[in-house]
Amino acid sequence: MAPDFFHRPAETVARDLIGALLLVDGVGGRIVETEAYDINDPASHSFRGPTARNAPMFGPPGRAYVYRIYGLHWCFNIVCDAAQAGSAVLIRALAPTAGLGLMHARRNVSSIEQLCSGPGKLCQALAIGAEHNGAAVTAAPFAMSPAINPVVIAQGPRIGITAGAETPWRFAEAGSRFLSRPLREPE
DNA sequence: GTTCCGATGTACT
DNA sequence: GTACATCGGAACG
């Protein structure tokens, strides 16, 4: 992944990440679902300014922002454009392609569809945690590369938020069986 | 298939 | 004290 890839608005990066490969220590798959957040967005952790938790969102692009949600799950974001500090893309689902055995062992589920079909699930499957917070996703243990084949992208409202719920900043590979929830393209 | 609920770190009123 | 970018299991149909 070129370093400048993340030096763009979160909405653009979120769209372009659909179909990209994401591996951590060789385990992962193709990104099929993302959400964009930025500093003008009431749903974003950065909306109310810097805190100890969201500090990576105000740092350089291309770094990981990993945080704990509901006290027990992890969520993995990639920080975007520093010129608009406080923007990031939440990685919500993968189509698993590498390290299936390890992911099954970590997740304890039987079907491949359940391995990475949600932000907390994929962090468990890829063993993403606090130790990755602030790390560059362009360097080991991460490995990323852009989408190879064209992807039909669907867009809609984000999941699990109340503030800013109408902003259609959720992106997904249309028709994928690995989404956290189905996404129907409007009209 | 659906709804309900508990687990609990971090930020906020 | 309450809310929250979630998940999995129980109960139900």
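In the text below, chain A, chain B and the rest are named by the order of the sequence lines, each starting its count at 1.
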Atom-pair distance (CD on A:Gln114; P on C:dG9), nearest Å: 9 Å
For B:dC5 versus C:dG13, give the span between their P atoms, rounded off to a whole number of Å. 15 Å
Expressed in angstrom and rounded to an integer, what is the separation of A:Leu72 atom CG from C:dG9 atom P? 13 Å
Before we go on, tell me: are the rings of A:His45 and A:Tyr67 under 6.0 Å apart, centre to centre? yes
Nearest heavy atom decides the nucleotide; on that basis, is A:Ile161 or A:Lys121 closer to the 5' end of DNA chain C? A:Ile161
Report the distance from atom OH of A:Tyr65 to atom C1' of B:dA11, rounded to the nearest whole Å. 10 Å
A:Arg68 side chain N/O closer than 4.0 Å to the phosphate oxygens (OP1, OP2) of C:dA5? no
With a 6.0 Å cut-off on the ring centroids, do A:Phe142 and A:Phe76 count as close? yes
With sugar-phosphate meaning primed atoms plus P, OP1 and OP2, does A:Asn77 contact a base, only sugar-phosphate, or nothing at under 4.0 Å between heavy atoms? base
I want to verify a distance call: between C:dT6, C:dG8, B:dT13, whose nearest atom is closest to the A:Arg92 side chain? C:dT6
Send over the distance from A:Arg53 CZ to B:dT10 C1', rounded to a whole Å. 5 Å
With heavy-atom distances below 4.5 Å as the criterion, would you say the side chains of A:Gln155 and A:Arg15 are in contact? yes
Which part of the nucleic acid does A:Arg107 contact within heavy-atom distance under 4.0 Å: base, sugar-phosphate only, or nothing? sugar-phosphate
Is there a side-chain contact between A:Phe6 and A:Ile78 in this structure, where contact means two heavy atoms from C-beta onward sitting under 4.5 Å apart? yes
Write down the distance between OH (A:Tyr67) and P (C:dC4), rounded to a whole number of angstrom. 13 Å
Going by atom types alone, do A:Gln84 and A:Ser87 pair a side-chain donor with an acceptor below 3.5 Å? no
Closest to the A:Ala52 side chain, choosing from C:dG8, C:dA5, B:dA11: B:dA11
Taking 5.5 Å and 30° as the limits, would you call A:Tyr70 and the base of B:dG9 a stacked pair? no
Taking only the side-chain nitrogens and oxygens of A:Thr162, find out if one of them lies under 4.0 Å from OP1 or OP2 of C:dA3. no
Between C:dA5, B:dT13, C:dT6, which one does the side chain of A:Met57 approach most closely? C:dA5
Return one dot-bracket line describing DNA chain C 5' to 3' (Watson-Crick or G-U wobble pairs, both distances under 3.5 Å; ( ) same strand, [ ] crossing, | another strand, . none). ||||.|||||||.
Tell me yes or no: between the side chains of A:Arg106 and A:Gln124, is some donor less than 3.5 Å from an acceptor? no
A:Phe47 has an atom CZ; how far is it from atom P of C:dA3, in whole Å? 19 Å
A:Asn54 CG to B:dG9 P: how many Å, rounded? 19 Å
A:Arg48 CZ to C:dA5 C1', straight-line distance once rounded to whole Å: 14 Å
Closer than 3.5 angstrom, by distance alone: can the side chain of A:Arg158 be matched with the main-chain N or O of A:Gly164 as a donor-acceptor pair? yes
Just by distance, with hydrogens left out, do A:Thr34 and A:Arg92 show a side-chain donor and acceptor under 3.5 Å apart? no
Given C:dC7, B:dT10, C:dA5, the nucleotide with the shortest approach to the side chain of A:His73: C:dC7
Under 4.0 Å between any heavy atoms, over every strand shown, what does A:Ile69 touch: base, sugar-phosphate, or nothing? Just pick one. sugar-phosphate
C1' atom, B:dT2 versus C:dA5: distance in rounded Å? 24 Å
